[in-house]
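We use all heavy atoms of the structure for the numbers below, so side chains are in, but hydrogens, waters and symmetry mates are not. Residue numbers begin at 1 in each chain, while the letters A, B, ... track the order of the sequences.
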Number of protein chains: 2
Amino acid sequence: MNLIERAKELVSLTGDRATANRVRTLSVLLSAKRALTHREIADQLLDAKKQLDRVTLYRILEWMSKKSLIHKIAGDDRVWRFRINTEIRAHQHAHFKCNRCAKVICLKDSKYNPTPLLPVGYLLQEIELTIKGVCSECI
Amino acid sequence: MNLIERAKELVSLTGDRATANRVRTLSVLLSAKRALTHREIADQLLDAKKQLDRVTLYRILEWMSKKSLIHKIAGDDRVWRFRINTEIRAHQHAHFKCNRCAKVICLKDSKYNPTPLLPVGYLLQEIELTIKGVCSECI
DNA sequence: GCAATTAATGCAACACAGTTGCACTATTAT
DNA sequence: ATAATAGTGCAACTGTGTTGCATTAATTGC
């Protein structure tokens, strides 16, 4: 089963329409080894026969986040990055951000077991751990 | 010793000029109980006799970050937040971000002792831990 | 003190990610 | 086939943050 077929299946599983744009976008993220910006995704979609509008891409990415196909990562360059959700990675957010090239990768196996001290009356919903440094390519 | 005097002293310690704008800005952050956005800081400076330009405020905040008087926190709403640096908080970044009102507070005593699994060849520089949830006022 | 240098400020214009409204098109349901 | 619904494209907009440059204020060296 190739990438496009797998993407198509994943999109279909949401119950919503499996449009070509959604499938193409998801297949890009499926093959990405790191979190991509909207820009980077758009660039990879450039070679396709029909160019898709940047707003449409924003909406597709937002839709995919809502459907938990992908997740967003907030960088400190004010740019969202998007990453495919795999079973392993889901809900265990640990990311590495390169201070030189700004690339973001997902760290699996980051065993952060928290119980951090929240003030009384506070509700914990999510823990986001970002390790910053320099990746091997930029060192 | 009042707030303004303390702010003035801290600014002077950097070796650079202790202008009224810098002192005023720092005193706002000194009395803040949470991380503030550029907007929020500007609002608090409104009542002063002479209004300062937003660009100037951006530059003051950038300068203060460089001088380690304050630190920046990247929110996922694409907005920087600024927080005073105290000895305790320096270099131990753990923040709580409310998912409703978007306020950010600094969590002290968050004993995260990491050694997270970075890929080989990666250099670790900083660990940023953000706990998301709902603060007591928004619950 | 007074000029010369240096740093800080204000203004205008810009960059860029992300959003909203609305018309248009394609898809699904009846 | 027609009506209802969902997705797309375009244009215009929002808001944060930045850059360039002229102006003003503060230091420095006489």
Could you tell me whether [X] contacts a base, only the sugar-phosphate backbone, or nothing, with contacts defined as non-hydrogen atoms closer than 4.0 Å?
X	result
Val79(B)	sugar-phosphate
Thr19(A)	sugar-phosphate
Arg59(B)	base

Using whole Å, report how far [atom1] of [X] lies from [atom2] of [N].
X	N	atom1	atom2	result
Arg54(B)	dT16(D)	CZ	P	8 Å
Tyr58(B)	dT18(D)	OH	C1'	9 Å
Asn21(A)	dG9(D)	CG	C1'	11 Å
Asp16(A)	dT8(D)	CG	C1'	15 Å
Lys72(A)	dG18(C)	NZ	C1'	9 Å
Glu40(B)	dG15(D)	CD	C1'	15 Å
Leu52(A)	dG7(D)	CG	P	14 Å
Leu45(A)	dT8(D)	CG	C1'	15 Å

Nearest nucleotide by nearest heavy atom, which residue falls closer to the 5' end of DNA chain C, Asp77(A) or Ala18(A)?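 Nearest-nucleotide comparison on DNA chain C picks Asp77(A).
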Is Leu61(B) reachable from Val79(B) through a run of hydrophobic residues whose side-chain heavy atoms are each under 4.5 Å from the next?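 No; tracing contacts between hydrophobic side chains, which count when under 4.5 Å, never links both residues.
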Find out if a path of hydrophobic residues (ILVMFWY) with successive side-chain heavy-atom gaps under 4.5 Å connects Leu3(A) to Leu36(A).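 Yes; tracing contacts between hydrophobic side chains, which count when under 4.5 Å, links both residues.
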Taking the minimum atom-to-atom distance to the side chain of Val55(B), which one of dA8(C), dC10(D), dC11(C) wins?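 For the Val55(B) side chain, the nearest candidate turns out to be dC11(C).
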So if I take every side-chain heavy atom of Ile60(A) and compare against dA8(C), dC11(C), dT8(D), which nucleotide ends up nearest?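 Per side-chain heavy atoms of Ile60(A), the pick is dT8(D).
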Tyr58(A) ring center within less than 6.0 Å of His38(A) ring center: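 Yes, ring centres under 6.0 Å apart.
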Would you indicate, yes or no, if dA17(C) has its OP1 or OP2 atom less than 4.0 angstrom from a side-chain nitrogen or oxygen of Arg39(A)?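 Yes, within the criterion.
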Determine: side-chain N/O of Arg78(B) to OP1/OP2 of dG17(D), distance under 4.0 Å, yes or no.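 So the side chain of Arg78(B) is outside the cut-off, no N or O lying under 4.0 Å from OP1 or OP2 of dG17(D).
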Would you mind checking if Lys103(A) and Glu40(A) are paired as a salt bridge, meaning a charged N to carboxylate O distance below 4.0 Å?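 Salt bridge flag = no for Lys103(A) with Glu40(A).
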May I ask you to test the Ile70(A)-Arg83(A) pair for a side-chain heavy-atom distance under 4.5 Å?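 With C-beta onward as the side chain, the pair stays apart.
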